[in-house]
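Here the structure comes first, spelled out in structure tokens, and everything after it is commentary.
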Amino acid sequence: MTLDRAKEIVTNRHDYAREWKKKTGSKVMGYFCTYVPEEIVYAAGVLPIRVIGSHEAQSYTEPHIYTMFCPFSRDVLAQGLRGKYDYLDGIMIGHSCLHLRQAFGAWMTNVPASFSYYMYTPAKIQSPHAKEMMLAETTEFKKAVENWLGRPITDDALDKSIEVYNTNRRLLKQIYELRKADPPPLFGSEAIELVLSSQLSDKAEHNKLLESVLKELPQRRNGPQGGNIRLMIIGSEDDDTNFLRYVEGLGATIVADEHCTGSRYFWNETVPEKDRLRAIGNRYMNRPPCPTKDWESRRRFVHIMNMAKEYNIQGAILVQQKFCDPHEFDIPPLKALLEKNGIPSLFLEFDITVPIGQFRTRVEAFLEMLQLEVV
Amino acid sequence: MITAGIDVGSKTVKVVILQDGKILARSLVLTGFEQGKAAEEAFALALKQAGLSAKDIQKVVATGAGRTSVSFATESVSDVAADARGAVFINPNARTVIDVGAEEGRGISTDTRGKVIDFAVNERCAAGAGTFTEAMSRAIEVKLEDMGELSLKSTQEIPLNAQCAVFAESEVVSLVHAKTSKEDIARAIHDGISNRIAAMARRVGVQNDIVLIGGVARNKGFVASLKRQLEADIKIPDEPEYVGALGAAVIAAS
Amino acid sequence: MTTQVEYWRWTESRYTNPEVDWRKASTITAGIDVGSVSSKAAVMADNEILAYGLMRTGSNSPDSALNAINRAIEGTGLTMKDIKFIVGTGYGRINIPFAGKAITEIACHARGANYIWGPVVRTILDMGGQDCKAIHCDEKGKVTAFLMNDKCAAGTGRGMEVFADLLQVPITQVGEMSLQVDKEPPPVSSTCVVFAKSEGIGLLRQGWSKNMVLAAYCSAMAHRVVTLLERIGMEKEFVLTGGISKNIGVVSRLEKELGIQAVPLPKDQKFDPQLAGAIGGALFARDLLAKSRKAF
Amino acid sequence: MVTSIKKYQTRPLDSFKKAVELRKEYYQNVREAKQQGKLLITGGADSMVALPAGLGDYVFFEGEPYGATISMDPEFSGKCVEAAEAKNFARDMCAYMRNYWGSMFLNKYYFGGEFPKPDFVMQLGFCDTHAKWMQQVGEYMNAPYFGIDMPVGTPGRNVEAKVKYLTSQMNDAIEWMQKVTGRKYDDDKLREAVRNECKSSTLWSEIVCYNKAIPAPLEQRLIFTLFIICILRRYERKSVEFYETLRDEVKQRVADGIAAVATERCRLMDDSQPPWYFLQLYKYMEKYGVSVVGSHYSFFLGGSLEEMPDGSLGAPKTPDEMGMPMKTREDILRAYALWYIKKPIISQMFALPHFKSETMLRLVKEWKVNGVIFHLNRGCEGTAMGQMENRLALTKAGIPVMTYEGNMADRREFDEAQTLRRIDAFMESLGLSKLES
Ligand SMILES: Nc1ncnc2c1ncn2[C@@H]1O[C@H](COP(=O)(O)OP(=O)(O)O)[C@@H](O)[C@H]1O
Ligand SMILES: Nc1ncnc2c1ncn2[C@@H]1O[C@H](COP(=O)(O)OP(=O)(O)O)[C@@H](O)[C@H]1O
Ligand code: SF4
Ligand code: SF4
Ligand code: SF4
């Protein structure tokens, strides 16, 4: 199954990137947050890959970040400090949360790369002026990349890049569309792996992978069962597929998600316009927002509720990295909103390693709550 | 000059009598409920061993969590100061001192004279000290003294969240039922606690030589885990639990 | 330490309902709740509780489960073979070899509370050996929401036992004694279960009386669960289950802080609230058996 | 060991009382805004507080200082933070916010009466918390909310675009405010408020520069009392007057060789907000002859410093002093936007750690500081960001550094004994011992 290939990319992400580098002779750039205009990087012939968690508890970050910052940011930094990403030629971050920005700052200071860039991604995406600000920033960023590489990024290259990215988004969305069925043809853990592998690989190649997945899914025999509890997972960065597998082993299927390692990443496409950079920037301003950028009104919740309805979910697991301030703001009102709409939810706080043993009673009790009949 | 150092720990009281840089006697008794009495008892024991009487001792310095309860002490110093001085006294190259006792773990960075540059202490939580291993050894029904040896025979690494000693205990019990070997569980326990200790040590900056002291230094399994975590060699003095008391005696002499 | 009196030892017990004759019953089912501290078994003859047993949990869950069920059926003439279906619950539920199904203690406590107190119950506070749970349920005893304390087991039943032992006060009297103070002391701040002993020693060294130490510990615990209840949203029809519900020192402080009283046990009820989980398990066992019979 | 030491002359500061008075009056104004016929606006301390001035009389009720104030009262603060927790908000969120929210949820204003209901909510967002804090307030209080997004980003990059982004948002805000209040907007009043704010800020900057003197005329506890006016009331004329008087007084102190700490023999700097409920910390250090002469935080929350022709750090010029046009609304907004973009608290602390490290190194040198104490502040992820990198940078430069963990406004996360223990060890490593009292 091609799905296994996606899992393989996620598991052996460093091998993938190293091989890609060898094969193409080009550069690789690590990015820290999904609010970066990847298309520009890709158009420059550089492979953008997302730096995600390794789920190994490490003490390397202690001198650099202390315990009040989210485990994801610490996990990310630990890998940088340990040289796991020594093949990266550049790193970049978009303005999102302070936690990750601090990891980025420490990485930049302690792990030299030939290019490092902190881009301001506006937070008040609900303001029309954000698009102008974004344009100014993408323009500067493009210049910086051109300077770094010593060659211009042409409009033609941008068009191709946008096309490749849009195709990837479209294909992922098609696969997500299939998850509305009961039973869906794939597990939630597998869907997340598809998104993660997209963040970790060359999108042109990944598009082929997605196409074969789309071909294979209808014939699949060993997928989820019908009648399983339909769950949605919502929250912060979540690449812990082991945990998802555990939940799906208990008679539930995750049919939808709202994570930046899931649907938030690819949900909308770039709408082409003559000014390519504007088109690219607008896409990020219009995407399903991260909580830090969701004000004054709460558009994120509208998106979540729509999804909940369309995917016919019975319950939601709200996942949050411990100490993740952005999500700590949204979870209480979101939980209340879900409840008001008859959707029970379970809140779990993730650490670098997820102690399944500690969550066992909670998860099981939650599934019982959704399922167990009292005569 | 003859001096004495008394380290009143939460579990044990240790006394060292020192004459011109040479250790004359050592003693150890359980702290129990009355710290002051235990201190007197330990002091008397050490004096007897050294063949001295109390008035032969020119200065007594107390340290440890219960240092204020030593009525006959001339002075008291913090446990981090005593640890650093003691460690540097034994090993002049010591720059990072890690002290893991029954209820507290500490990471200390020191200068060449045994003066504390920085230190970190685990918050009042059993997950980062000797008590953790004690509780776990009970859970898997292995004698505390055997835990180290056992874990060295482990063949696989299992992540254990040493977040809370109580919850970790139930995780350990589940591991037992999942037929995980006791060797592997023992290692997971040591990995869990050493992870927290390593974090503390890194906080103050790890520099060679690293000297591990306190009762838990006797646990070979823990030492092996900590070495793996820190990716460095760790020096352990012969009598690791006496280093704090020794440091106090050294301070008394200066 | 030498084996003297073990003050933490609450009384192990058992009970047979004299009004029920199991020989007349068409099905016998049971629920076994292997908790971190205690193991409980409840046996059901058709729709009535027939007997129960309450024992200390040993280091091995299967044995503890067996002990509890044996204790429950002791003297009733029943044998294990007569029990047609068993539901295991509690933190040791996955390791009960003779249980037909494992169900969490959360579902079981709600179900059991519904049986003991009737359909009015909306909020259940289960205070046990190593954790506390706040549960909401509907009129059928079905869970609608729940919260558990996490990350830190501070201030739970096991810690109370350690204190009892240290102060040489029988656990059953801890609550009473904690109320005999002139002035309510400030709650202890860190109440790590593991360090309960050294914390207690520290307080005694500072010259606190036994009663004061107990009061400080009980009120810390009450305060912690109040926070839990506030987070899940309180409904006034609330009941207390788990071993700590027998500790009047915690319960009265809890009620005072909440400003409401827990629903008292119905007059005709003889069931120990510590058994709620096991009773819930037995009820599930009865239903599951009926369902599987229907399916054939 | 006891060392005798030379003592400097010292004397009380006249402006101290005035500062206390102005602060008290402010909180009274908040409570009585409605009776006084003033608009009540709530938002963050870092908001563009001069912006509503065009609407007429108003009081800007700032969240952070209010949270800090509450935190000094153990009982009330305890109730507040628990009220926020009862609503399922996490304990590790901004501690000022949890105190403020708690007070709102309990509907109790610390200075008596109900929690004041704002006419509208206005915020400037650059910490993850700012915008979301006030979103919750707007929803809970059923008050209209306008947030302005502060473009942080790399300092010096895209300045024109940042100015435009801010001014466009400010223009929107002005439209919006007129709509929600039904009042007409007067640019003259805006100009006046912006001038007051900028002037207060430069005066404060000038004042902290006097602390370069040995002995230091001010120490941190005093500074905390004095800088608050520049935060709470910086848009008012009263603030300017206050700082003019204070400036003259401090100048005179330096001329007379007056010390804040008579036994000053060691000068330290600290970092982040202090644990407000434990300011005795500074008193404790005084026993060792330590004068804490300031911090990145206490200098820059109200002030700003820039390089002077002689290469040293000094107070910046106000827009007027720089000769910037201030005629039209666009002029004023432009000047105001630039003022915020330049603020070191935003551009250094919230961008990337090395920007702040560089400034800290300069502060250490110019203020002749012997060591730095970092309060690893679990109550504020904003000021906590990059602290450990700052610490490493200072250590690398050979500056003695110590850290302690705490929380500026939630005392449950502060361990007094442990902190004093650390201070003792640090003092020992600096070669200091306690002085005779
Ligand atoms: N042989 C051993 N193997 C494993 N652990 C040991 C051994 N000896 C002592 N310990 C551990 O050392 C701890 C006591 O350390 P110590 O430094 O004396 O404590 P403290 O100074 O806090 O009283 C005990 O809690 C125990 O866990
Ligand atoms: N008779 C009693 N009086 C007071 N406290 C009791 C009594 N019996 C049990 N307890 C308390 O209840 C705790 C056990 O609660 P329980 O609900 O049985 O826990 P678990 O289900 O986790 O094993 C004990 O640790 C003890 O503190
Ligand atoms: S998990 Fe939360 S705090 Fe951590 S990097 Fe993501 S958004 Fe930031
Ligand atoms: S109960 Fe657990 S987490 Fe809490 S202090 Fe004790 S060992 Fe640590
Ligand atoms: S900067 Fe700190 S105090 Fe200010 S809102 Fe952010 S977290 Fe709170």
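Chain A is the first sequence line, chain B the second, and so forth, proteins listed ahead of strands; every chain is numbered from 1. No experiment lies behind these values; they were computed from the predicted model shown.
Both the backbone and the side chain of A:A130 have a heavy atom closer than 4.5 Å to some heavy atom of chain D. Using a 4.5 Å cut-off between heavy atoms, D:D172 contacts chain A through its side chain alone, with no backbone atom that close. Only the side chain of D:E405 comes within less than 4.5 Å of a heavy atom of chain A; its backbone N, CA, C and O stay farther away. When heavy atoms are compared at a cutoff of 4.5 Å, D:L376 approaches chain A by way of both its backbone and its side chain.
Top candidate by heavy-atom pairs under 4.5 Å with chain D, chosen from A:S127, A:A136, A:S96, A:A103, is A:A136. Taking A:A123, A:S297, A:G105 one by one and counting their heavy-atom pairs under 4.5 Å with chain D, the maximum is reached by A:A123. For the set D:A351, D:G386, D:A161, D:G153, the entry with the most heavy-atom pairs within less than 4.5 Å of chain A is D:G153. Of the listed residues A:M108, A:E132, A:E62, the one with more heavy-atom pairs under 4.5 angstrom with chain D than any other is A:M108. Each of D:G125, D:A384, D:C127, D:P353 has some count of heavy-atom pairs under 4.5 Å with chain A, and the biggest count is that of D:A384. Of the listed residues (A:M119, A:K293, A:E137, A:H95), the greatest number of heavy-atom pairs within a distance under 4.5 Å of chain D belongs to A:E137. Put simply, of D:K87, D:K162, D:R391, D:K164, the one with the most heavy-atom pairs under 4.5 Å next to chain A is D:K162. Of all the listed residues (D:A90, D:G382, D:G147), the one sharing the greatest number of non-hydrogen pairs under 4.5 Å with chain A is D:G147. No other option in D:Q135, D:Q169, D:M134, D:Q136 has as many heavy-atom pairs under 4.5 Å with chain A as D:Q135. Between chain D and the options A:I65, A:T292, A:L135, A:D325, heavy-atom pairs under 4.5 Å are most frequent for A:D325. Contact count against chain D (heavy-atom pairs under 4.5 Å) is highest for A:T67 among A:T139, A:T121, A:T67, A:I93.
A:D330 places no side-chain N or O within donor-acceptor distance of the main-chain N or O of A:P326, the cut-off being under 3.5 Å.
Note on D:K356 versus D:D271: salt bridge recorded, some NZ/NE/NH1/NH2 to OD/OE distance being below 4.0 Å. Contact check on D:E413 versus D:R98 returns no salt bridge, with no Lys/Arg side-chain nitrogen under 4.0 Å from an Asp/Glu carboxylate oxygen. Salt-bridge annotation for D:K179 and D:E175: absent, with no side-chain N of the basic residue lying under 4.0 Å from a carboxylate O of the acidic one. We find that A:K143 and A:E140 are joined by a salt bridge, their nearest charged nitrogen and carboxylate oxygen being less than 4.0 Å apart. The pair A:R300-A:E258 counts as a salt bridge, with a side-chain nitrogen and a carboxylate oxygen less than 4.0 angstrom apart.
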(message) salt bridge (Lys or Arg N to Asp or Glu O under 4.0 Å), that's the test. Do D:E160 and D:R334 meet it? Break it down for me.
(response) CA-CA 10 Å; D:E160 262 321 301; D:R334 185 181 163 77; 2.8 Å; yes

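Below 30°, between 30° and 60°, or above 60°: for D:Y404 and D:H375 the angle between ring planes is below 30°, a parallel geometry.
For the ring-ring contact (aromatic ring centres under 6.0 Å, His included) criterion with D:W133, the lone passing option out of D:Y145, D:Y96, D:Y100, D:Y140 is D:Y100.
The cationic atom of D:R157 (NZ for Lys, CZ for Arg) lies less than 6.0 Å from the six-membered ring centre of A:Y117 and within 45° of the ring axis.
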